[in-house]
K.L.:
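Have a look at this one before I ask anything.
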Amino acid sequence: MMFRVFVVKFLFLTNIYSYELPFSTLGNSIIDANGAVVRMRCVNWPGSMETLMPEGLQHNSIDNIVLIIKQMNMTCVRLTYSIDVTRSSNLTVYQSLSRLNLTFALQGFMNNNPSLINSTVSNLFDTVLDTLGKYNILVLFDNHVSKAMWCCSDFDGNGFWGDRYFDVEQWIDGLKFMANKTIDRPYVIAMSLRNELRGVRQNQPDWYHNVVRGILEAISFVNPRLLIVISGLNYDLNLSFIRSLPVQNLVPISIRKKIVYEAHWYSWSYYGLLSDCNHVKVSIENAWGFILESNYSYTAPVWLTEFGTNVDQFQGDDEFIDCVKGFLQTPLTQTMSWSYWVLAGSYYIRSGTAESHESFGLLTDDWKNIKSKAFINILLTL
Ligand SMILES: *[C@@H]1O[C@H](CO)[C@@H](O)[C@H](O)[C@H]1NC(C)=O
Ligand SMILES: *[C@@H]1O[C@H](CO)[C@@H](O)[C@H](O)[C@H]1NC(C)=O
Ligand SMILES: *[C@@H]1O[C@H](CO)[C@@H](O)[C@H](O)[C@H]1NC(C)=O
Ligand SMILES: *[C@@H]1O[C@H](CO)[C@@H](O)[C@H](O)[C@H]1NC(C)=O
Ligand SMILES: *[C@@H]1O[C@H](CO)[C@@H](O)[C@H](O)[C@H]1NC(C)=O
Ligand SMILES: *[C@@H]1O[C@H](CO)[C@@H](O)[C@H](O)[C@H]1NC(C)=O
Ligand SMILES: *[C@@H]1O[C@H](CO)[C@@H](O)[C@H](O)[C@H]1NC(C)=O
């Protein structure tokens with residue numbers, strides 16, 4: 001299946017080329033069906049909070065939002081969803097916004113996406129996926145939480161299998177429900193098992209057990225062409241334990257070339273003080289950077305699926321982004337895909353506040369403009 005993605009390569013001559021689907025892995029890189037290395041530059045589009053809907057649609061049409069993503073020269077979106085949406089999939093947009101008393105969002109949605117107001121929340125995800133595909137944007141479909149809400153804390157009941165809201169069987173069923181959506185959408189190239197595993201219940205035996213279940217019973221089972229993106233422990237900051245037992249050893253050979261690990265990085269992550277970027281890089285090497293080293297049984301791509309900073313305060317230079325940039329430009333890391341947190345804008349509702357502002361967002365609150373073109377230009381040099 002041929003699918004063209006036009007990639008503008010900065011730092012080098014401007015090139016236009018296309019990728020052939022599906023993707024798989026070779027060493028520490030994601031490659032296309034012809035063996036060409038694929039480095040995706042993505043933005044997170046949240047859709048895992050209380051409304052059960054992708055954010056921003058009260059402010060702008062789906063087409064316009066995707067066009068802005070194109071304008072930003074991003075090649076991919078990490079689209080987040082909750083397991084709750086797979087269990088209330090027949091709820092309509094109208095019902096969802098009404099039951100939360102989000103009257104501003106309801107009116108705005110009717111103005112900006114009028115034809116979708118009676119669509120179910122599940123079909124709304126279908127339309128967002130279809131529109132991303134229409135504009136040649138690749139998608140990593142991310143199970144962010146079980147109970148739809150802002151993520152993440154140690155005590156939100158969403159952190160690890162067996163937590164109050166994180167039922168294992170509901171999770172398997174939810175992954176299958178969403179994996180089904182990827183079958184006829186080849187531009188959805190990857191699904192994650194679960195974002196930011198964490199909390200007092202986290203432990204390695206359950207991690208291995210459920211990671212393998214999610215792969216064999218849900219993602220690979222429904223759609224074997226997908227890359228499978230796997231989070232470590234401690235909020236996706238630590239995969240050090242896979243050095244002695246890589247997931248690749250626990251799955252059939254046909255699946256090994258679909259295994260991609262993911263990692264997160266914020267200024268407050270425990271890798272160390274930003275003022276000592278070299279020390280941070282050493283911590284990251286021990287926590288997950290080692291996975292990129294060639295020819296080990298654990299060698300695989302690592303996708304930096306979240307990193308972000310306060311764009312409101314950006315004035316041409318950001319210590320955190322500088323450190324990330326240095327990290328991403330070494331021989332080992334130069335093919336790493338990344339995904340900036342976050343596209344929003346503002347949220348329908350976040351932690352009880354309607355029309356909540358997002359300081360890390362690439363878009364203005366009204367989802368119509370790029371907040372800082374200078375910031376986007378720096379991102380595109382990563
Ligand atoms: C995206 O790439 C095009 C073509 O190189 C360029 O003209 C445009 O300024 C870029 N957009 C941003 C936001 O950097
Ligand atoms: C959604 O509706 C269909 C058809 O009415 C029904 O078969 C299905 O069980 C419903 N799903 C949920 C999650 O309620
Ligand atoms: C919505 O408003 C109704 C009537 O004012 C109230 O009973 C209900 O608790 C509100 N629901 C939420 C989720 O705020
Ligand atoms: C949505 O449903 C309402 C009530 O059933 C109806 O009046 C309205 O025309 C519908 N809108 C669309 C766009 O289907
Ligand atoms: C899978 O998706 C198809 C439509 O693409 C739908 O008809 C079918 O019911 C779905 N199956 C499940 C298990 O969700
Ligand atoms: C990661 O986890 C391991 C063992 O579980 C621990 O020894 C280590 O300190 C943690 N942090 C880093 C940065 O590796
Ligand atoms: C990895 O192994 C291959 C095949 O044995 C070899 O050609 C290559 O040089 C090795 N790479 C490194 C970095 O050791």
Side-chain angles (χ1 to χ4, degrees), residues 25-29 31 35 37 53 57-58 61-63 90-99 102-103 105-124 126-127 154 159-160 196-208 211 230-248 256-257 261-274 276-302 304 306-307 323-324 327 330-336:
T25 73
L26 179 67
N28 65 15
S29 298
I31 57 169
V37 170
M53 292 161 41
L57 307 182
Q58 80 278 42
S61 68
I62 298 176
D63 271 80
N90 289 345
L91 193 72
T92 69
V93 170
Y94 184 90
Q95 290 166 338
S96 174
L97 295 174
S98 307
R99 84 186 164 151
L102 295 174
T103 48
L106 188 59
Q107 191 56 52
F109 193 103
M110 286 194 270
N111 294 340
N112 287 289
N113 291 282
S115 64
L116 296 169
I117 189 68
N118 296 332
S119 149
T120 66
V121 287
S122 172
N123 288 335
L124 188 63
D126 294 335
T127 308
D154 275 356
F160 201 75
E196 295 198 359
L197 296 158
R198 63 186 176 277
V200 292
R201 205 180 293 268
Q202 64 178 341
N203 67 83
Q204 289 172 25
D206 286 351
W207 185 90
Y208 280 106
V211 161
I230 304 171
S231 159
L233 297 173
N234 285 319
Y235 295 84
D236 214 348
L237 302 180
N238 200 336
L239 279 155
S240 56
F241 59 94
I242 66 125
R243 197 189 276 271
S244 44
L245 181 55
V247 174
Q248 292 94 309
R256 286 181 200 160
K257 286 187 175 309
Y261 296 98
E262 67 173 315
H264 290 178
W265 182 4
Y266 291 101
S267 62
W268 58 84
S269 301
Y270 67 32
Y271 306 132
L273 288 180
L274 262 189
D276 190 355
C277 180
N278 284 330
H279 171 69
V280 169
K281 288 179 194 162
V282 170
S283 297
I284 288 180
E285 169 68 17
N286 294 329
W288 46 266
F290 71 91
I291 297 169
L292 299 167
E293 289 159 11
S294 298
N295 291 352
Y296 290 95
S297 56
Y298 52 72
T299 305
V302 181
L304 182 60
E306 283 189 26
F307 70 103
C323 186
V324 174
F327 175 80
T330 71
L332 270 191
T333 55
Q334 63 189 356
T335 69
M336 270 184 78

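In each ligand, atom 1 is the first atom listed, and ligand 1 is the first ligand listed.
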K.L.:
Give the atoms of ligand 6, by number and element, whose distance to some non-hydrogen atom of Ser240 is under 4.0 Å.
P.N.:
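Atoms satisfying the 4.0 Å criterion: 1 (C), 2 (O), 3 (C), 4 (C).
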K.L.:
Between Ser294 and ligand 7, is there a nitrogen or oxygen pair with a distance under 3.5 Å?
P.N.:
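N/O-N/O distance under 3.5 Å: no.
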K.L.:
Between Leu91, Leu116, Leu97, which is the residue that forms a side-chain contact (heavy atoms from CB on, under 4.5 Å) with Met53?
P.N.:
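By the side-chain contact (heavy atoms from CB on, under 4.5 Å) criterion, Met53 pairs with just one of Leu91, Leu116, Leu97: Leu97.
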K.L.:
How long is the gap from OH on Tyr298 to CZ on Arg243, to the nearest 0.5 Å?
P.N.:
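One finds 4.5 Å between OH of Tyr298 and CZ of Arg243.
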K.L.:
Identify, by atom number and element, the atoms of ligand 4 in contact range of Pro114, meaning under 4.0 Å from any of its heavy atoms.
P.N.:
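Contacts of ligand 4 toward Pro114, numbered from 1: 13 (C).
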K.L.:
Only heavy atoms count here, so choose which of Thr92, Ile117, Val93, Asn118 is nearest to atom 10 (C) of ligand 4.
P.N.:
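That would be Asn118.
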K.L.:
Out of the candidates Leu237, Asn238, Asp236, only one should pair with Ser231 under the side-chain contact (heavy atoms from CB on, under 4.5 Å) rule; please name it.
P.N.:
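It is Asp236; the other options fail the test.
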K.L.:
With side-chain contact (heavy atoms from CB on, under 4.5 Å) as the test, would you mind laying out the steps for Leu233 and Phe241 before giving the verdict?
P.N.:
CA-CA 9 Å; Leu233 297 173; Phe241 59 94; 3.7 Å; yes
K.L.:
Testing the 3.5 Å rule here: is there a donor-acceptor pair between the side chains of Ser61 and Asp63?
P.N.:
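There is no such pair (donor and acceptor under 3.5 Å, judged by atom type) between the side chains of Ser61 and Asp63.
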K.L.:
Considering all protein heavy atoms, does one lie under 4.0 Å from atom 4 (C) of ligand 4?
P.N.:
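Answer no: nothing from the protein, no heavy atom, is under 4.0 Å.
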K.L.:
Distance alone, cut at 3.5 Å: any donor-acceptor contact between the side chains of Asn28 and Tyr296?
P.N.:
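Their side chains do not contain a donor-acceptor pair, so the 3.5 Å distance test is not met.
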K.L.:
Show me which atoms of ligand 7 lie under 4.0 Å from any heavy atom of Asn295.
P.N.:
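Per the distance check, 1 (C), 2 (O), 3 (C), 8 (C), 10 (C), 11 (N), 12 (C), 14 (O).
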K.L.:
Once you restrict to heavy atoms under 4.0 Å, what part of Tyr270 touches ligand 6? Side chain, backbone, both or neither.
P.N.:
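Just the side chain.
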K.L.:
So which heavy atom in the protein is nearest atom 11 (N) of ligand 6, and how far is it from that ligand atom?
P.N.:
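Its nearest protein heavy-atom neighbour is Asn238 ND2, 3.0 Å.
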K.L.:
Answer yes or no for atom 14 (O) of ligand 4: protein heavy atom present at a distance under 4.0 Å?
P.N.:
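Under the 4.0 Å cut-off, atom 14 (O) of ligand 4 does have protein heavy-atom neighbours.
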K.L.:
Gln204 versus ligand 6: do any nitrogen or oxygen atoms come within less than 3.5 Å of each other?
P.N.:
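N/O-N/O distance under 3.5 Å: no.
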K.L.:
Any atom of ligand 6 sitting under 4.0 Å from a heavy atom of Tyr271?
P.N.:
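Heavy atoms of Tyr271 never come under 4.0 Å of ligand 6.
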K.L.:
Please walk me through it: do Trp207 and Val247 pass side-chain contact (heavy atoms from CB on, under 4.5 Å)?
P.N.:
CA-CA 10 Å; Trp207 185 90; Val247 174; 3.6 Å; yes
K.L.:
I want to check something: taking the side chain as every heavy atom from C-beta on, are Cys323 and Phe307 in contact at a cut-off of under 4.5 Å?
P.N.:
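Not touching, per the 4.5 Å side-chain cut-off.
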